[in-house]
Amino acid sequence: MSATELPLFPLSAVLLPYGKMPLQIFEQRYLDLIRDCMKSGTGFGVVWLRRGEEVAPKGSRQQLGDLGTLARIVDFDQLPNGLLGVTIEGRERFHLSGTRVAANGLVLGNVVFEPMPEPAALDQAWLSLSEILENLKQHPHVRRMGLEIDFEDAWQVGYTLAQLLPLEESLKYALLNAGDIAALMDQLDLILSDISGEG
């Protein structure tokens, strides 16, 4: 697969495919990025900031994850504090092989996309994960996100659940790196067992 240059938004949070996340935009380089993406109907890359500041002064070092997620803007609004608020949704994963910084300070990444995974049947062993997601979906905060989830597709169940759970970002990044659906769901199951004290 050939590499593509993609504008990046380094975040201290991990965006997963099918996951939704609100962002507050206040830096000019990102206001320009959002405007350009909305005009052209394109997306931008969200990469996990392993080390460094989101609002990084020019010349400072940011350590980025080498796997990221394409973000599409699905909603926007002016927030009560006057800032632009956007809601993004995760799509394809990509591998990041290098970066450069544009004149306006925006980080551009050299990326190779992976296709969205083919739908995978929800195994009986993963039904408890689906039930947890069903319960989470009833929470008022989650209902406001307007999630559309195919509960018969294990990828959508796993990724959406991982996005919603209050997990350490390093765990979410490990889940983003899961090579197949069994690895994703088994890791999630282990994490939830640890949280509930059953592990």
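Numbering of residues begins at 1 and proceeds along the displayed sequence.
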Test your reading of the model: is there a side-chain donor-acceptor pair from Thr87 to the backbone of Val74, 3.5 Å cut-off? no
Do Val86 and Ile25 come within less than 4.5 Å of each other through their side chains, counting heavy atoms only? yes
Decide yes or no for Leu79 and Leu84: does some side-chain heavy atom of the first lie under 4.5 Å from some side-chain heavy atom of the second? no
Under 3.5 Å, side chain of Lys172 to main-chain N/O of Val14, donor-acceptor pair present? no
Go through the steps to decide whether Leu122 and Leu129 satisfy the test side-chain contact (heavy atoms from CB on, under 4.5 Å), and finish with yes or no. CA-CA 10 Å; Leu122 193 70; Leu129 298 175; over 6 Å; no
Please say which of Leu106, Leu70, Ile34 ends up in a side chain to side chain contact (heavy atoms under 4.5 Å, CB included) with Phe44. Ile34
Sidechain-backbone polar pair: Thr69 side chain, Leu15 backbone, donor-acceptor under 3.5 Å: yes
Once you measure the plane-to-plane angle for Tyr30 and Phe9, does it fall in the parallel (<30°), tilted (30-60°) or perpendicular (>60°) bin? parallel
For Gly43 and Pro7, work out which heavy atoms get closest and say how close. O-CG, 4.4 Å
Would you mind reporting whether Gln63 and Leu49 have side-chain heavy atoms less than 4.5 Å apart? no
Tell me if a side-chain donor or acceptor on Arg93 pairs with a main-chain N or O of Leu176 at a distance below 3.5 Å. yes
What's the shortest heavy-atom distance between Met21 and Ala13, and which atoms? CE-CB, 4.1 Å
Would you check if Leu64 and Thr99 make a side-chain contact, meaning some heavy-atom pair closer than 4.5 Å? yes
How about Leu147 and Lys20: do any of their side-chain heavy atoms sit closer than 4.5 Å? yes
Mind checking the CD1-CG spacing from Ile149 to Leu133? Nearest 0.5 Å is all I need. 4.0 Å
Compare all side-chain heavy atoms of Leu6 with those of Phe113 and state whether any distance is below 4.5 angstrom. yes
If you measure from CZ on Arg100 to CG on Leu8, what distance do you get to the nearest 0.5 Å? 11.0 Å
Supply the atom-to-atom distance Leu136 CG to Arg143 CZ, rounded to the nearest 0.5 angstrom. 13.0 Å
When you compare the side chain of Leu165 with that of Leu188, does any pair of heavy atoms fall below 4.5 Å? yes
Contacts of Asp75 that satisfy salt bridge (Lys or Arg N to Asp or Glu O under 4.0 Å) - sequence neighbours left out: none
How long is the gap from CG on Leu161 to CD1 on Ile191, to the nearest 0.5 Å? 9.5 Å
Backbone of Leu67 reached by a side-chain donor or acceptor of Tyr173 within 3.5 Å: yes
Approximate separation, where rounding is to 0.5 Å, of Glu169 CD and Leu175 CG: 11.0 Å
With ring pair (Phe, Tyr, Trp, His ring centres under 6.0 Å) as the rule and sequence neighbours excluded, what pairs involving residues 121-157 come up? Trp155-Tyr159
Minimum heavy-atom separation for Ala154 and Ala121, please, with both atom names. CB-O, 3.8 Å
Would the distance check show the side chain of Arg29 and the main-chain N or O of Gly105 forming a donor-acceptor pair, the cut-off being under 3.5 Å? yes
Counting neighbours of CD on Gln138 that are heavy atoms of other residues, nucleotides or ligands and sit closer than 6.0 Å, is the number greater than 12? yes
According to salt bridge (Lys or Arg N to Asp or Glu O under 4.0 Å), who are the partners of Arg35, at least two apart in sequence or on a separate chain? Asp32
Determine yes or no for a side-chain-to-main-chain donor-acceptor pair under 3.5 angstrom, with Gln163 supplying the side chain and Leu16 the backbone. yes
Apply side-chain contact (heavy atoms from CB on, under 4.5 Å) to the pair Phe94 and Val47, showing each step before the final yes or no. CA-CA 9 Å; Phe94 59 79; Val47 284; 3.8 Å; yes
Report yes or no: does Asp153 contribute a side-chain atom to a donor-acceptor pair with the main-chain N or O of Ala120 at less than 3.5 Å? yes
In Å and rounded to the nearest 0.5 Å, what is the CZ to CD1 distance from Arg72 to Ile88? 12.0 Å
How about Asp180 and Leu184: do any of their side-chain heavy atoms sit closer than 4.5 Å? no
CD/Glu152: more than 12 non-hydrogen atoms of other groups inside 6.0 Å: no
All heavy atoms of Pro17 vs all of Met116, minimum pair found to be CB-CE, 4.2 Å
Dump the intermediate steps for side-chain contact (heavy atoms from CB on, under 4.5 Å) on Ser128 and Asp189, then the final yes or no. CA-CA 9 Å; Ser128 60; Asp189 207 23; 4.3 Å; yes
